[in-house]
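Since we're looking at a predicted model, the values are computed, not measured. A note on names: the letters A, B, ... follow the listed sequences, proteins ahead of strands, and every chain is numbered from 1.
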Amino acid sequence: MMYSVNHGLWWTIFLASLLLAPLLFGIINKVKAFFGGRCGPRLLQLYYDMFKLSRKAGIFSRTSSGVLQLAPIVSLLATVMAMLFIPGGLFRSPLAFGGDVIFFCYLLGLSRMLTILAAMDTGSSFAGMGASREAHFSVLAEAVLFAIVVFLAIVARSICLSDLLSPLSLVTPGISVPAVLLVAGAFFIIILVENCRLPFDDPETHLELTMIHEAMILDYAGPELAMIHYTASLKLWSLCAVLALLLLPQRVGGALTGVLAYLALIVAFAVGIGVVESIMARYRFLKVPHLLVGSLAAVLTAVLLLLFF
Amino acid sequence: MKIGSCSAIVSMSALLLTLLVLLQAMGFTGGPWDETQLLFYGIGVAYDLLSLLFLLPVALLGLVAAIHSIGYLHGHGAARSGLYWFFYNLTLAAMLMVPLMRSAPLFLLSWEVMGIASFALVIFDWDAAASRRAGWIYLLACHAGAAFLIMMFVANSSPLSPGMLWLPAVLGMVGFGLKAGFPLLHVWLPSAHPAAPAPVSAVMSGAMIKLGLYGILRFVLLPGDTLLLCGWLLAITGLLGALLGIVLALPQRNIKTLLAYSSIENIGIMTMAYGLGVLGVAYNVPGMAMLGFTGALLHMFNHAALKGALFLGAGAVYRATGTLNMEKLGGLMKRMPWTGGAFAANALSLSGLPPGNAFLGEFLIYAAAFNGVINGHGPLRALSLLCIIALATVGGLAVAAYAKVISAVFLGEPRSDSAAKAREVSWTMCGSTLALLLVNLSLLCLAPYILPMFTPLLTRLAGESATGFQVPDIALLLSMPSILSLLLIGVTAAASRWRQRLGARRQDAEGVTWDCGYAAPSARMEYTGTAFAQPLLDAFASVLKLRRQLQRPVALFPGEIRADLHSQDLALSSVWQPLFGRFGRLAIKTHSMQSGFLHAYILTMVLALVVMLVWGMFCHRVDRPATPPTAVTEEISK
Amino acid sequence: MSSWPAIILVVFLLSSIVLVSSSRLVHCIQLVALQGVLLGIMPLIFWDWQSSPPHGELVFLAIVNIAIKGIALPMLLILAMRRAQVRRELEPLVGYALSQLIAMLIIAGCFAGYRHLIGGTTANSAMLAIPVAASTMLIGLFVIIARRKAITQVIGFLVFENGIAVFASGLMVHHGAIVELGILLDVFALVFIMGIAVFKISREFQHIDADRLNTLRDRRDHENTAPPAGFTAE
C-alpha cells in the first residue's frame, strides 16, 4: 500500500482526529478501571468535563502577568499546527515540506516552553517544581526523539514527516526487525514521557510534591483548563499516530482498511498505556534520566544495526 | 546628551552606508565573486559580499546600542560619558574597518584598535574590582589572540612545505577563536560581558565576537588549502562549544553572564554549521555544504539581532532595579511591560523555538546535518549524527536556560524591594529593544527572500560542488516554516484577543495563587532561577564542578535555613588558573636573577645582542633586506 | 529466514546497557541471569532447523549453560550479596548516565571496528554476534573498572565471560563442547571463590569496596585510611 495523495480524505481524517483525541484518555481510564476492578468514569467523560469547563468564567492568579493567560492558547495552536504534518492514515499531509519533522518536534517544544513559563508565572513553588522537572526530562526526551528521527531519515532518505512515516519505509524485509523494535520501544517511552504518563509522572497523584504536569497547571480553571486538557489529548493522539504509522503493516488492503488499521493501532497504544499504568509504579525522579539515556542508547544501537546489518 | 545624539547619527549613517553598499553589491547576484577596491589602491582596502555581511550586524547594533546608551548613561557625569562615547565610537570605527582590511598590517592594526578600545569600555565601571579583573582578562585574551594572528600571517606569507599547511590554519583558528569564544578560549567572555555597560555588551556579543568567525572565513577557509582539517576542527569545536556554553549558562545568576555563556553556545552552533559546510565541500556532499553555510550565516544575523536585544533588555533591567542578580529580581513583566515583553519574545526566539527567527537558522543547520547523515558515509555520517543529537540537547538546554531567565526576572513576584519599585525605562532604552524586536520579526518574514542574495558568497564558499544544490532551494525550504510561524503568531494574537473579550463578557476573576492552602504566599516561597535549574545542574555536576551549601534546620525552632549551589567554569578552574599559577611560580623563581645593578642589566642586554648577532651572521642565512615590521618578525621566527 | 538471532543478540546487548545503568545489585544479578539464559538458548536459535534437528550435544550444552549461568551463578551471587549485606552500588566511580554513554560509545566503536574489519561487504545478521560479543566483553571490563563494590566487579567479570561465550555460540563453534564445559566449570569455581571472598572481606572490614583494599598493601599507613569503626557499606 503506497501513500496516496488525497487532500479531501486527509482533511477528513485530520478533523476526525481533532474530534476523537479526547477519547484516548477515556480508553486509558477504562483500562485502568478494569485492572482495578472498578467501573471507572465514562468513556466520554473528558468531553463532558471540557464542555462544562469551557462555559465557565476564567480565574487567574493575581501574581500572573499575562503569560498564564497566553500559554494555553499558544500550546493548543502549536499542537494543532504540529498535527497538520502527520500523514492521516495513508494519506500524505497537504502541508508536508522538507524538514517538517524538525518543525513538528519544535512545535511540541514550544508548547512545552509556554507551559513551563506559565507555571513560573504563578509564582507557586509547586508549579516551579513541576516546571523544573519538565525542563529537565524534556532535554533528554528531545535528544531521543531526534535520534529516532535520524533513524527514520536514514531509512526514508528524507526529512519530511510524510515520507518518514510512509508505511512502506519501516516494516519491510530489508530492515532488521530488532532495529524497528528498538525504535518503536524507544518511541513508546517518549510517548509516556512527553504525555507525562505513569512510569515518569503520575497523572492521578494527589500530592503536589510528586507531580510534574499536574503541578504546572494547578492554577488553571475554566476555559483555560479545558484547553489544556484538550492540548494534552491532542499531543497524546499525535504521538500515538506517529508510532502507529511507523508500525502500520505493509499489506493493508484498501484505503478504508488502512485507515481502520491506523485508528485501531492508536486505540491499541492507548490500551497499552492503560496497561502500563495499571501494572507499574512511578519511577523515582532520579531514575528517569537513566531510562531516557538508556532509550537513547537503544535508538543508537538501532541506527548501528541499520547501517551495518 | 548632545554627544550621544551625534554619535547615534554617525552610527546611523554608517548603517545606511553599509546597507546601500550591500544592496548595490547584491545587485550582482548573478555575477561571480565581486571584490571592490576602495580608495587606496595597493594597500589592501576592499569590500566584497563577505565583508558586507559581517559589517551589517556591526552597523545595525552600533546604531541601536548608541541610542540605548543615551538612556543608559543618563546620570553619569559628563567626563565619564565623554570617555564612553570616545571609546564607543573608536570601537565601532575599528569594527567597521576590520572586515574591509585586506593586508595583514592594516587588518592587525584595526583588530588591535578594536580590542583596546573595547577594553576601555569593559572597564567603564573601573571603581569595581570585578570590572578591572574582567578588563585585565579581556586585554590578555586580545593580546594573545593578536599574537597568534601575527604568527598566522607570518606563516601564511612564508613558503610552507605541504606537510606544514595545517600550521597557519590552526594558528588562525586559535587567534580568531579567542575573539569568537571557542570552548576553552572563551574565558574572557563571561567576565567581560557583565562588566561592560549593556550597550557595549550588546555590540560585543552581537557583532564583535562574530568578527572572529569572519576572520576564520576570510583568512583560513577562503584560501582553501586545508579544508578537511578545518572542517573537522570547526565542527568538533563548535559541537563542544555549543554544549559547554549552554551547560555553563544554566547555573548563572547574573543575567548578563548567562547571556554571555549563551553567546558561546550560539557561536558554537555557527561554528558547527561552518564545519558541516566545509566538510560538505571536502566530502562532496553539496546539500550539506550549502545548507551548512547558509544556516551559519542566517544564524549569525538572527543571533546578532536577538542577543543584542537581550543585552539591551538586561541593561534596561539594570537601570530600573540596580541589579543583575536574577535571585533578586522577579515580577518585572507587570512593572516594565515593554521591556519585559520584548525581552521575553526575544528570549523565546533565541531558544530556537518556532515562531522565532532563530529557529530558521537552526532549521537549516539541522537540515545540513540530516543531509550529512543521509548522503554521507563513515565518519562524516557519525559526526552528522552527533551534531543532530547535540543540537537537540542544546535546544532543550537553551529552552531551560531561557525559561529560567524569563521566569526569574520577569515572572512571578518580585524578590527584592528594588525589583518591586522598578518602573519602565526611558523611551531610548525601551525603543531600541523594540526596534531590534522589529528587526527580528522582519528577519522571520524576509529570510527566504534575503538568502538568494547571498548566492555569490555561498557558491564561492561551497565551491564547484554546489552546482547540484541551489540557494533558491534553500529559500523554498525556509518559506514554509517562515509562513507557518507568522501564521502561528497571527492566529495566537487573534485568539488571545478573542479570549480577552470573552473574559470581559464573563467577568473573569482574579485570585491568589494556589499554595496548598497556605494563606499568605510570599515571594520567598517562589522557585528561584537556581532552584529551577537544579535538577539539570545535578546532571552536569561533574562538568560544572558543583558545590552545594546546605544549612539544615536544627532543633525545634530552626533559625536560618539556606541552600545554595555554586558552579565553576571548567576552563578557568582546571585549565587556565593552574597554568597561569604554575607560570607565575616559575616567574617568581627568576627573581633571583634580578641583582638590582643597572650595569648587570646592561651587560645582559649587550651579551644577548652579541649572541644574536653572531647567530645571525653564522647560523642564519640572511637573504632578504629587512623591510616592514612583519618581515622582521618573519625572519626571526625562522 | 527469521530475525530471531538478531533479536536475541540485541536483547543481550540491551541487557548490558541496562546493567551499566542500574544501581540495584539484585537487578544487575537478574540481568546477568537473563544473559545466561539467552546464552543457553542462543545455539539452539542459531541452529538451522530446516535442515536437521539439533544434535544432543547442543541441547545438553544449552541445558548446562542455563543451569549454571542462568540459575546457579546468580543464586550464588545473591547469596553473597545477602551475606555481605549490600543492596546498592551507591557511589560508583563513574556515574550511571555517563556509564550508559560510555557503553554506547563502546558499542558504536565495536560496530565501526567490525565494519572496518570486514570491509565494504554487507554482513548477515548472524555475524552480528561478533560486535555484540566484543562490546559485551568491553562493557564487562568497564563495569569492573568503574564500580567500587567487589560484588559488582564479579558481575562485571560475568558479563565479560558472557561476551566470550557469545563469540562461541554466535559463530556456532559447536565442536568444542568439552572446551565450553571446561570454561563453564572454571567460571563457576572462580565465582564461587569470589563469592566467599566477598563475604570474608565484608566480615573483616565492614565494607566490600574493592578500591579500599589498598589498605592491605605493605606500607603501614592503613591506620590512617582505615574506615572508622561501625562504618557500613550501606
Considering only heavy atoms and a distance below 4.5 Å, find which of B/Arg499, B/Gln500, B/Glu526 pairs most often with chain A. B/Arg499

For A/Lys56, is there any backbone N or O sitting under 3.5 Å from a side-chain donor or acceptor partner on B/Arg506? yes

Do you know which two heavy atoms are closest between B/Ile389 and A/Ala147, and how far apart they sit? CD1-CB, 4.0 Å

Relative to chain B, which segment of A/Leu68 carries a heavy atom at a distance below 4.5 Å: side chain, backbone, both, or neither? neither

Option in B/Thr393, B/Ile388, B/Leu487, B/Leu391 with maximal non-hydrogen atom pairs under 4.5 Å from chain A: B/Ile388

Note: vs chain A, highest number of non-hydrogen pairs under 4.5 angstrom among B/Met480, B/Glu362, B/Arg381 is B/Met480

Which atoms of A/Leu107 are under 4.5 Å from chain B, going by heavy atoms: the side chain, the backbone, both sets, or neither? both

Spacing of NE2 belonging to B/His377 relative to CG belonging to A/Leu307, to within rounding of 0.5 Å: 10.5 Å

Do you know which two heavy atoms are closest between B/Ile374 and A/Ala153, and how far apart they sit? CG1-O, 3.7 Å

Check for a donor-acceptor pair, side chain of B/Thr513 on one end and backbone N or O of A/Thr122 on the other, with a separation under 3.5 Å. yes

Heavy-atom cut-off 4.5 Å, strictly under: side chain, backbone, both or neither for A/Leu70 against chain B? side chain

Per-residue contact mode, A/Leu114 against chain B (heavy atom under 4.5 angstrom): side chain

To the closest 0.5 Å, what do you measure between CE (A/Met120) and CZ (B/Phe532)? 5.5 Å

Using a cut-off of under 4.5 Å for heavy-atom pairs, which of B/Gly352, B/Ala533, B/Gly356 has the most such pairs with chain A? B/Gly352

Heavy-atom proximity to chain B below 4.5 Å, by part of A/Leu300: side chain

Measure the acute angle between the ring planes of A/Phe97 and B/Phe363, then classify it against the limits of 30° and 60° as parallel, tilted or perpendicular. tilted

Interatomic spacing from CD1 in A/Ile154 to CZ in B/Phe370 - rounded to 0.5 Å: 9.0 Å

Under a 4.5 Å cutoff for heavy-atom pairs, which residue among B/Ala403, B/Ser496, B/Ala400 has the most contacts with chain A? B/Ala403

Counting only heavy atoms not in A/Tyr283, do more than 12 sit closer than 6.0 Å to its OH atom? no

Of all heavy-atom pairs between A/Ser65 and B/Met333, which one has the smallest distance, and what is that distance? OG-CB, 3.6 Å

Could you give the distance from OG (A/Ser132) to OH (B/Tyr527), rounded to the nearest 0.5 Å? 5.0 Å

Counting heavy-atom pairs under 4.5 Å to chain A, which of B/Ala495, B/Gly396, B/Ser407 comes out on top? B/Ser407

Side chain / backbone / both / neither for A/Phe104 at chain B, heavy atoms under 4.5 Å: neither

Region of A/Val67 in contact with chain B, defined by heavy-atom distances below 4.5 Å: side chain

Could you please spell out the steps behind the side chain to side chain contact (heavy atoms under 4.5 Å, CB included) verdict for B/Leu411 and A/Thr63? CA-CA 8 Å; B/Leu411 305 182; A/Thr63 307; over 6 Å; no

Name the member of A/Ala78, A/Ala119, A/Ala127, A/Ser54 that forms the most heavy-atom pairs with chain B at distances under 4.5 Å. A/Ser54

Aromatic ring centroids of A/Tyr106 and B/Tyr366 under 6.0 Å? yes

Test ring-ring contact (aromatic ring centres under 6.0 Å, His included) on A/Phe103 and B/Phe359 and set out the steps. CA-CA 9 Å; A/Phe103 200 55; B/Phe359 173 74; 5.4 Å; yes

So CG of B/Leu484 and CG of A/Leu84: to nearest 0.5 Å the spacing works out to 7.5 Å

Taking all atoms of both residues into account, what is the closest heavy-atom pair of A/Gly98 and B/Leu477, and its distance? O-CD1, 3.3 Å

Please determine, among A/Gln69, A/Glu134, A/Arg62, A/Arg112, the option with the most heavy-atom pairs under 4.5 Å with chain B. A/Arg62

Between A/Ile73 and chain B, with a heavy-atom cut-off of 4.5 Å, which part of the residue counts as in contact: side chain, backbone, both or neither? side chain

Proximal component of A/Val144, with respect to chain B [non-hydrogen, under 4.5 Å]: neither

Can you say whether A/Asp219 sits under 4.5 Å from chain B via the side chain, the backbone, both, or neither, judging by heavy atoms? side chain

Proximity breakdown for B/Leu385 and chain A, heavy-atom pairs closer than 4.5 Å: side chain

The test is side chain to side chain contact (heavy atoms under 4.5 Å, CB included); show your working for B/Asp508 and A/Ile59 and say whether it passes. CA-CA 5 Å; B/Asp508 281 355; A/Ile59 176 162; over 6 Å; no

Flag the pair B/Ser351 / A/Met113 as yes when at least one side-chain heavy-atom distance between them is below 4.5 Å, and no otherwise. yes

Between B/Gln507 and chain A, which part of the residue has a heavy atom less than 4.5 Å away: side chain, backbone, both or neither? backbone

Heavy-atom proximity to chain A below 4.5 Å, by part of B/Ala408: neither

Heavy atoms, side chains only, cut-off 4.5 Å: are B/Asp538 and A/His136 in contact? no

Who wins among A/Leu296, A/Val303, A/Leu95, A/Ile159 for the most heavy-atom pairs under 4.5 Å with chain B? A/Ile159

Who wins among A/Val149, A/Val80, A/Leu140, A/Leu76 for the most heavy-atom pairs under 4.5 Å with chain B? A/Val149

Taken to the nearest 0.5 Å, the spacing of A/Arg133 CZ from B/Leu536 CG works out to 13.0 Å

